[in-house]
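Data first, discussion second: the structure below is written as structure tokens.
A, B, ... follow the sequence lines: proteins, then strands. Residue 1 opens every chain. Heavy atoms only: backbone and side chains are in, while hydrogens, waters and symmetry mates are out.
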2 protein chains.
Amino acid sequence: MAELRADAQRNRGELLGAARQVIAEEGVDASLRDIARRAGVGIGTLYRHFPTREALLAAIIDDGVRRLAATAEGLAAAKPADEALDAWLTKVAGTIGPYRGLAASMLEAVTDEEAGDPALRLACEGMMDSGRDLLAAAQASGDIRPDVTWPDVFTAIAAISGIASQPGKQDRDAAARVLAVYLDGLRATHAARPVQAM
Amino acid sequence: MAELRADAQRNRGELLGAARQVIAEEGVDASLRDIARRAGVGIGTLYRHFPTREALLAAIIDDGVRRLAATAEGLAAAKPADEALDAWLTKVAGTIGPYRGLAASMLEAVTDEEAGDPALRLACEGMMDSGRDLLAAAQASGDIRPDVTWPDVFTAIAAISGIASQPGKQDRDAAARVLAVYLDGLRATHAARPVQAM
DNA sequence: ACCTGAACACCGTTCAAGT
DNA sequence: ACCTGAACACCGTTCAAGT
């Protein structure tokens, strides 16, 4: 990756910038042609750099998820396990939320071994490890229900953070309120209720 | 609606059946041309009957939401308020879940006064009333937190039920488990935690 | 090595022409 | 009153041709 030709490197940067803009506005299903246009390159160039829409998404979030993984350790050291988990999950939701549909794409990448895009799954790996660790610590400390798994919790966070980029902005932090209720449900302070089939 | 020409009525039925099939398979963004093809009519006919994709969605779920509204009263009479709410929300999630993306469309219709499609919003009206009533009753009985609103709860249910139609079926009832945790968080049995900004 | 854009098979949506 | 399909402007994706 380091030995890209100078023009190629510039194009890559231009594409990434344009993609961040367009996807923030239009969501993950935004037109790739649009992105290429705004980056000032041909559509073929976009495909050469990012063979897959998910590869482009992976590149977009790469920095963010790396930061999340880094944050996890600091939080674990500074706070009680359950509060660290809370704060971190809130950060995750905040990072993913603004890009409409991104949470669903990440969920698919991480969850679906065959259909999920490998590049996006790879990008999420560090973040997934951090989440698993934080959850395990909070469960070990007895603050969080022992019967939830990290995949389930991440699934929940992904679904809930999607609320933030939903159209209908009359209530911008509905996602935060829903998340608060879910995090409450995660506490071990009360008896777990049985799961009802849907 | 009753005085449709015979052939028009048949076409409408054919379109509805095809739409249910295709959308169950491909999600709410399924190709309208595909639906028209499978119904054996021209694309123009689809547009004449359902001027908007959301109008088609509204027609598809009309029966289901009507049933939900009807169920609500029975549950309220038969069970304690909080259990009635639980059971009903679970039913809602089960009804909406199978159609990928439907929950998001309904949420937009119900939430976004300007951009949301009026036909879909209208179709959801009875269901929304039922939910509001059930929640109010459960809050009045003291079982459910007083600080949550029905729009927030519906938003949560919509987001969570979307999990069920997410690709990556390795774990088919993840949605049910996430819902159970959220419903737990809805209980008034423990102190509400503060909402953190995302 | 890398970039470009034409080409292909699609799609949503509209609307003249038909019965 | 209703149906049809061509027409338009898009889109994702590929690939020959260029430098």
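Spacing between atom CG of A:Asp34 and atom C1' of D:dA9 amounts to 14 Å, rounded to whole angstrom units. Taking atom CD of residue B:Glu14 and atom P of nucleotide D:dC2, one finds them 17 Å apart after rounding to whole Å. Look at CG on B:Asp7: it is 9 Å from C1' on D:dA1, rounded to the nearest Å. Between A:Arg53 atom CZ and D:dG12 atom C1' the separation is 8 Å, expressed in whole Å. One can place CG of A:Leu56 at 14 Å from C1' of D:dG12, the figure rounded to the nearest angstrom. B:Phe50 has its CZ atom 13 Å from the P atom of D:dC2, to the nearest Å. A straight line from CG of B:Leu32 to P of D:dG5 spans 17 Å, rounded to a whole angstrom. One can place CG of B:Leu46 at 12 Å from P of C:dT14, the figure rounded to the nearest angstrom.
In this model, a side-chain donor or acceptor of B:Arg33 finds a partner on the base of C:dG12 within 3.5 Å.
The B:Arg37 side chain lies nearest to C:dC11 when the options are C:dC11, C:dC2, D:dC3. Nearest nucleotide to the side chain of B:Tyr47, out of C:dT13, D:dG12, D:dC3: C:dT13. Residue B:Thr45 places its side chain closer to D:dC3 than to any other of D:dG12, C:dG12, D:dC3. You'll find that the side chain of A:Ile43 is closest to D:dT13, out of C:dT4, D:dG5, D:dT13.
Under 4.0 angstrom from either OP1 or OP2 of C:dC3 there lies at least one side-chain N or O belonging to A:His49. The side chain of A:Arg48 places no N or O atom within less than 4.0 Å of a non-bridging phosphate oxygen (OP1 or OP2) of C:dA1. Put simply, A:Ser31 has a side-chain N or O that comes within less than 4.0 Å of OP1 or OP2 on D:dG12. Checking the phosphate oxygens (OP1, OP2) of C:dC2, no side-chain nitrogen or oxygen of A:Arg5 falls inside 4.0 Å. Not one side-chain nitrogen or oxygen of A:Arg10 sits closer than 4.0 Å to the OP1 or OP2 atom of C:dC3. Taking 4.0 angstrom as the limit, A:Asn11 places none of its side-chain polar atoms (N or O) nearer than this to OP1 or OP2 of C:dC2.
Searching all strands for a Watson-Crick or G-U wobble partner of D:dA6 with both distances below 3.5 Å returns C:dT14. In this structure C:dT19 sits in a base pair with D:dA1, meeting the Watson-Crick or G-U test at under 3.5 Å.
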| query | Please walk me through it: do A:Val41 and A:His49 pass side chain to side chain contact (heavy atoms under 4.5 Å, CB included)? | reply | CA-CA 11 Å; A:Val41 306; A:His49 283 276; over 6 Å; no

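Between A:Arg38 and the choices A:Glu25, A:Glu26, A:Glu14, the salt bridge (charged side-chain N to carboxylate O under 4.0 Å, His left out) rule is met once, by A:Glu25.
With values rounded to the nearest 0.5 angstrom, B:Glu125 atom CD is found 11.5 Å from B:Leu120 atom CG. Of the inter-residue distances, the one linking B:Leu75 atom CG with B:Glu83 atom CD reads 10.5 Å to the nearest 0.5 angstrom. With values rounded to the nearest 0.5 angstrom, A:Phe154 atom CZ is found 7.5 Å from A:Thr111 atom OG1. For the atom pair B:Leu89 CG and B:Ile157 CD1, the distance stands at 4.5 Å (nearest 0.5 Å).
Across all strands shown, B:Ala30 has heavy atoms under 4.0 Å from sugar-phosphate atoms exclusively, and none from any base.
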